[in-house]
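Input: a single structure, listed below in structure tokens.
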Amino acid sequence: MKQLLLYCRAGFEKECAAEIQDHSAQYQVFGFCKLTANTGYVVFEAYDETTLARFFRDADFQQFIFIRQWMLLVAPLLELDPKDRITAIVDATLSAELSGLGQIRAEYPDTNDGKTLSTLARKLTVPLRQSLRKAGVLLLKEQQRAAVLHLFLLSGQQAYLGISYPENNSELENGIMRLKFPNEAPSRSTLKLEEALIRFIPKDDWDKRLAPGMLAVDLGACPGGWTYQLVKRSMMVTAIDNGPMAQSLMDTGQVKHFMVDGFKYEPFKKNVYWLVCDMIEQPQRVAERIADWIINGWCQETIFNLKLPMKRRYETVKEVLEQFENKLLKAGIRYELQVKHLYHDREEVTVHLRNLVLR
Ligand code: SAM
């Protein structure tokens with residue numbers, strides 16, 4: 001098979017397609033995308049099977065921004081008989097000569113229609129796992145390091161079947177990080193920063209890089225969903241915004257609130273570790289200001305959002321990041337950069353940068 005199936009947020013199919021075309025071309029893999037707006041997935045069909053398989057193995061999945069999950073299709077779209085879906089799925093895996101797979105994930109698009117398939121996906125998983133084990137397609141015990149079999153349900157009667165490699169995929173079901181909203185948080189935005197911290201900072205580093213007592217600055221902080229995440233980790237936060245901060249946060253004694261322009265605010269000392277920024281502004285302007293913070297050594301790590309216009313979102317992100325990185329490189333900064341369209345993001349992407357040159 002010479003097709004990849006890519007998952008994304010519904011409404012971002014064009015960005016997902018632009019991203020796969022861009023990355024595959026760098027590997028001399030050419031093809032075209034099949035997509036329908038608001039379906040939450042894209043099929044990329046390459047002209048050549050061998051080069052596609054190499055690209056799928058070698059291209060770094062973590063580099064993708066809009067693509068939440070990817071799989072190499074192993075069969076044409078399956079037609080499933082609601083009376084016996086299992087047989088058709090097992091037969092397809094046998095025709096594709098699959099064996100030694102580590103686990104099965106029954107998934108579905110992140111759309112309202114897709115969500116109605118979650119019960120079916122759950123119901124299918126156990127019997128499917130048993131049948132695939134019997135057929136020798138799945139290993140007898142779940143194996144996290146072996147390839148993953150994905151069944152992507154489009155409806156009760158149709159599904160795609162594909163594989164992904166655990167060292168180069170999203171380990172999350174449907175490529176989605178589900179988090180529980182903390183009732184004490186002042187806004188749902190809090191989940192964006194929580195997801196970003198979990199995704200970008202390895203758990204083993206939390207003691208060092210998300211440590212109690214660290215100083216943080218939150219630009220565009222009101223009402224305080226992001227500040228809440230930092231306060232929860234016992235940090236001291238300077239919140240910058242003209243709007244009001246939630247009283248519950250001010251009462252902790254860990255927050256200082258200044259009603260000043262986030263583009264003009266400068267820290268008094270070079271002792272801030274984290275800069276976070278969720279200001280609704282042009283992405284170019286935000287990225288420039290963040291670069292100033294890094295170059296001036298005003299913070300060591302930063303997480304910020306780039307709000308995206310409705311059109312040319314992929315191109316905008318690429319252009320903004322290129323200028324941002326050029327500015328940092330010119331200043332001799334060495335850094336680690338990660339960019340993702342997180343599950344809790346909407347018309348925006350989240351950027352993480354860690355300055356590797358210690359102050
Ligand atoms: N992260 C916040 C939370 O979790 O509650 C939500 C932030 S909201 C999306 C954007 C905020 O940016 C608004 O409160 C707005 O007042 C603020 N903002 C926009 N431009 C600003 C500027 N130039 N300086 C300071 N704040 C700004």
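Order of appearance sets the numbers: ligands from 1, and atoms from 1 within every ligand. The model shown is predicted, which means the values in this text are computed figures rather than measured ones.
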Numbering the atoms of ligand 1 from 1, which are under 4.0 Å from a heavy atom of [X]?
| X | result |
| --- | --- |
| S187 | 3 (C), 4 (O), 5 (O) |
| S189 | 3 (C), 4 (O) |
| F263 | 23 (N) |
| W226 | 1 (N), 3 (C), 4 (O) |
| D261 | 22 (C), 23 (N), 24 (N) |
| G224 | 3 (C), 5 (O) |

Looking only at the side chains, is there a donor atom on one of [X] and [Y] sitting less than 3.5 Å from an acceptor on the other?
| X | Y | result |
| --- | --- | --- |
| Q63 | H23 | no |
| Q143 | Q103 | no |
| N355 | Q300 | no |
| D251 | Q247 | yes |

Is it the side chain (CB and beyond), the backbone, both or neither of P223 that lies under 4.0 Å from ligand 1, heavy atoms counted?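 It is both backbone and side chain that touch ligand 1.
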Heavy atoms only, cut-off 4.0 Å: how does P186 contact ligand 1, side chain, backbone, both, or neither?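 Looking at P186 and ligand 1, no heavy atom falls under 4.0 Å.
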Measure up the Y7 and H150 rings against each other and bin them: parallel (under 30°), tilted (30 to 60°), perpendicular (over 60°).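 Answer is perpendicular, since the angle exceeds 60°.
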Evaluate the ring planes of F32 and Y47, with Trp represented by its six-membered ring, and classify them as parallel (under 30°), tilted (30 to 60°) or perpendicular (over 60°).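 Taking Y47 first and then F32, their aromatic rings sit tilted (interplane angle of 30° to 60°).
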Tell me whether the guanidinium CZ or amine NZ of K192 lies under 6.0 angstrom from the six-membered ring centre of Y228 and within 45° of its axis.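 No cation-pi geometry.
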For F12, does the six-membered ring have the charged nitrogen or CZ of R313 within the cation-pi criterion, i.e. under 6.0 angstrom from the centroid and within 45° of the normal?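 Here R313 passes the 6.0 Å and 45° test against F12.
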Polar atom proximity, [X] to ligand 1 (N or O, under 3.5 Å):
| X | result |
| --- | --- |
| N242 | no |
| G243 | no |
| G225 | yes |

Option set R289, M279, R285, K307, criterion heavy-atom distance to atom 20 (N) of ligand 1, minimum: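 Of the listed residues, M279 has the closest heavy atom.
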Look at atom 10 (C) of ligand 1 and find which of N305, D278, T190, D218 reaches it with the closest heavy atom.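 Among N305, D278, T190, D218, the closest heavy atom to atom 10 (C) of ligand 1 belongs to D278.
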I'd like to know whether ligand 1 has [X] as a neighbour, heavy-atom separation below 4.0 Å.
| X | answer |
| --- | --- |
| E281 | no |
| A221 | yes |
| D241 | yes |

For [atom], what is the closest protein heavy atom, and at what distance to 0.1 Å?
| atom | answer |
| --- | --- |
| atom 12 (O) of ligand 1 | G220 CA, 3.4 Å |
| atom 6 (C) of ligand 1 | C222 O, 3.2 Å |
| atom 25 (C) of ligand 1 | G262 N, 3.4 Å |

Under a 4.5 Å side-chain heavy-atom rule over Ile, Leu, Val, Met, Phe, Trp and Tyr, are Y335 and V320 clustered together?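 Yes.
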D292 versus R289: any side-chain heavy-atom pair under 4.5 Å?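 Touching, per the 4.5 Å side-chain cut-off.
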Below 4.0 angstrom, N of the basic side chain to O of the carboxylate: do D22 and K318 qualify?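 Salt bridge flag = yes for K318 with D22.
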Would you name the heavy atoms of V317 and F66 that are closest together and state the gap between them?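 Residues V317 and F66, closest heavy atoms: CG2-CZ, 4.2 Å.
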